[in-house]
Amino acid sequence: MQALQKTQMIVRYRHPNSKVYYGIVEGDEIIQLSSDFTEIVKDELKYDGTRVKYSDVKILEPVIPSKIINFGWTYAEHANETGGKANLKEPFLFLKPTTSLIPEHDEIILPPSDLTNQVEMEGEVALVIGKFGKNIKEEEALDYVFGCTIFNDVTARDLTKSDPQFTRGKGFDTFGPLGPCIVKGLDPTNLSIVTKLNGKIVQEGNTNQMSFSIPFLISWISQVMTLEPGDILATGSPSGSCPMKSGDTVVVEVEYIGKLFNYVK
């Protein structure tokens, strides 16, 4: 594991006073910031002198992006198990709406059965973009990554197989658990991913197994659309995606970042 710099864990949370802040996690406490996200990505950290217990606040999605960019079938076995194509010449791309986002511990709400009968989890490493970028060179791509977080690309698998494109099967409200934090200074090209359903491991992989390199994906998508600070790039899911039902719990764990825990309802 190679660190690009000293790691730092950043969370966005609702304080008991009902205000929303960013903060730096230190042990079981959060050092509160008065900086907004625009200032944080520029490393303009303003400490307001307050420390709060991590357990005393509501952890929120670590960022509200302008867009959630998803790369599909980046792991060959997952492509094969979901009826996709492995080892594509170009990335498979889709977007999720920001209304799909929920934070850790919030509920994934299953749509009515007349809409879908097969909702599955997909645990992924997500990149948080730190600065504007267009036509980014591959060798400079990681300079545009502010940090890494965890994403669960919840999917109505029956709809992605029947619809001509993925928007409906990927776009339901609550189909985008994100968080719980952003970690700066990690090498995103070598991170292990484990997803557990009701405590049982169902997915296990590493970003070093992807069919496209992360710098390539960043460079490639920047030729299509301008990347903006706070944008989420979800890098794809290892094999093992399986259906969830009401009452289940799903945990996506990525090394050096932590665990993203959500209930299913």
Side-chain angles (χ1 to χ4, degrees), residues 1-10 12 22 35-45 61-76 79 85 87-98 100-101 122 124-151 153 165-167 170 176 178-179 181-191 193 205-237 254 256-257:
M1 181 65 192
Q2 177 186 1
L4 303 178
Q5 59 188 47
K6 183 179 178 182
T7 60
Q8 189 176 61
M9 185 177 292
I10 298 167
R12 177 174 166 267
Y22 277 96
S35 310
D36 61 20
F37 186 77
T38 301
E39 294 169 322
I40 291 170
V41 295
K42 295 177 181 177
D43 207 27
E44 298 173 0
L45 303 184
E61 306 95 319
V63 67
I64 301 298
S66 72
K67 49 190 172 290
I68 307 165
I69 301 166
N70 294 256
F71 295 103
W73 302 336
T74 53
Y75 294 77
K85 296 180 181 179
N87 303 309
L88 294 169
K89 293 182 179 180
E90 284 195 303
F92 179 75
L93 176 69
F94 60 93
L95 301 176
K96 281 206 174 201
T98 57
S100 70
L101 292 179
E122 293 188 12
E124 308 188 4
V125 171
L127 313 176
V128 182
I129 296 300
K131 58 183 179 180
F132 287 91
K134 177 68 176 175
N135 297 323
I136 298 168
K137 296 178 180 179
E138 191 171 338
E139 60 270 22
E140 298 174 355
L142 292 181
D143 295 339
Y144 289 79
V145 177
F146 173 66
C148 301
T149 188
I150 306 172
F151 189 67
D153 176 21
Q165 42 74 36
F166 277 16
T167 302
K170 299 283 190 175
L178 180 71
C181 61
I182 302 169
V183 179
K184 291 179 58 181
L186 293 181
D187 175 5
T189 67
N190 184 26
L191 292 173
I193 310 163
N206 190 296
T207 54
N208 63 22
Q209 300 167 335
M210 293 169 58
S211 55
F212 295 103
S213 74
I214 285 176
F216 173 81
L217 292 175
I218 296 169
S219 175
W220 183 86
I221 190 60
S222 75
Q223 297 172 53
V224 180
M225 60 188 75
T226 299
L227 299 180
E228 302 174 277
D231 281 352
I232 295 295
L233 274 63
T235 59
S237 175
V254 176
Y256 305 105
I257 300 178

Does any non-hydrogen side-chain atom of [Y] lie less than 4.5 Å from one of [X]?
X	Y	result
Tyr256	Val183	no
Ile257	Cys181	yes
Pro229	Val63	no

- Query: Going through the checks in order, is the side chain to side chain contact (heavy atoms under 4.5 Å, CB included) test met by Leu95 and Ile69?
  - Reply: CA-CA 5 Å; Leu95 301 176; Ile69 301 166; 3.8 Å; yes
Run the salt bridge (charged side-chain N to carboxylate O under 4.0 Å, His left out) test against [X] and tell me which residues pass, sequence neighbours left out.
X	answer
Glu122	Arg157, Lys170
Lys96	Asp153
Glu140	none
Asp43	Lys184

If you round to the nearest 0.5 Å, how far is [atom2] of [Y] from [atom1] of [X]?
X	Y	atom1	atom2	result
Leu93	Ile221	CG	CD1	4.5 Å
Lys134	Tyr144	NZ	OH	12.5 Å
Glu124	Thr235	CD	OG1	6.0 Å
Phe94	Phe71	CZ	CZ	10.0 Å
Leu178	Ile150	CG	CD1	9.5 Å
Asn70	Phe151	CG	CZ	5.0 Å

Smallest separation among heavy atoms of [X] and [Y], with atom names:
X	Y	value
Gly133	Ser222	O-CB, 4.3 Å
Ile182	Gly147	CG2-CA, 3.7 Å
Leu101	Pro65	CD1-CD, 3.5 Å

- Partner residues of Ile129 under the side chain to side chain contact (heavy atoms under 4.5 Å, CB included) criterion, sequence neighbours left out: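 Leu227, Asp231, Leu233.
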- Note on the structure: Sorted by chain and residue number, the side chain to side chain contact (heavy atoms under 4.5 Å, CB included) partners of Lys85 (sequence neighbours excluded) come out as Leu88
- Item | Contacts of Gln223 that satisfy side chain to side chain donor-acceptor pair (under 3.5 Å) - sequence neighbours left out |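 Side chain to side chain donor-acceptor pair (under 3.5 Å) check on Gln223 returns nothing, list empty.
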- Message: Applying side chain to side chain donor-acceptor pair (under 3.5 Å), can you list everything that pairs with Thr167, at least two apart in sequence or on another chain?
- Response: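 Expected list: Gln165.
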- Would you please test Ile232 and Val128 for side chain to side chain contact (heavy atoms under 4.5 Å, CB included) and show each step? CA-CA 5 Å; Ile232 295 295; Val128 182; 3.8 Å; yes
- Message: The test is side chain to side chain contact (heavy atoms under 4.5 Å, CB included); show your working for Val254 and Cys148 and say whether it passes.
- Response: CA-CA 10 Å; Val254 176; Cys148 301; over 6 Å; no
- Is there any salt bridge (Lys or Arg N to Asp or Glu O under 4.0 Å) pair reaching into residues 209-218, and which pairs are they, with sequence neighbours excluded?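 Sorted result for residues 209-218: empty, none.
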- May I have all residue pairs that pass salt bridge (Lys or Arg N to Asp or Glu O under 4.0 Å) and include part of residues 216-225, sequence neighbours excluded?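 As it turns out, there is no salt bridge (Lys or Arg N to Asp or Glu O under 4.0 Å) pair with a partner in residues 216-225 once direct neighbours are skipped.
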Enumerate donor-acceptor pairs with a distance under 3.5 Å from any side-chain N or O in residues 206-219 to protein atoms, sequence neighbours excluded.
from: Asn206; atom 1: OD1; to: Leu191; atom 2: N; distance (Å): 3.4
from: Asn206; atom 1: OD1; to: Asn208; atom 2: N; distance (Å): 2.8
from: Asn206; atom 1: OD1; to: Asn208; atom 2: ND2; distance (Å): 3.2
from: Asn206; atom 1: ND2; to: Asn190; atom 2: OD1; distance (Å): 3.4
from: Thr207; atom 1: OG1; to: Pro188; atom 2: O; distance (Å): 2.8
from: Thr207; atom 1: OG1; to: Thr189; atom 2: O; distance (Å): 3.3
from: Thr207; atom 1: OG1; to: Asn190; atom 2: N; distance (Å): 3.1
from: Thr207; atom 1: OG1; to: Leu191; atom 2: N; distance (Å): 2.9
from: Asn208; atom 1: ND2; to: Asn190; atom 2: OD1; distance (Å): 3.1
from: Gln209; atom 1: OE1; to: Asn206; atom 2: N; distance (Å): 3.1
from: Ser211; atom 1: OG; to: Thr74; atom 2: O; distance (Å): 3.1
from: Ser213; atom 1: OG; to: Phe216; atom 2: N; distance (Å): 3.1
from: Ser219; atom 1: OG; to: Ile136; atom 2: O; distance (Å): 2.7

Which atom pairs, donor and acceptor, lie under 3.5 Å between side-chain atoms of residues 35-42 and protein residues at least two apart or in another chain?
from: Ser35; atom 1: OG; to: Glu44; atom 2: O; distance (Å): 2.9
from: Ser35; atom 1: OG; to: Lys46; atom 2: N; distance (Å): 2.7
from: Asp36; atom 1: OD1; to: Thr38; atom 2: N; distance (Å): 3.2
from: Asp36; atom 1: OD1; to: Glu39; atom 2: N; distance (Å): 2.9
from: Glu39; atom 1: OE1; to: Asp36; atom 2: N; distance (Å): 2.9
from: Glu39; atom 1: OE2; to: Lys46; atom 2: NZ; distance (Å): 2.7

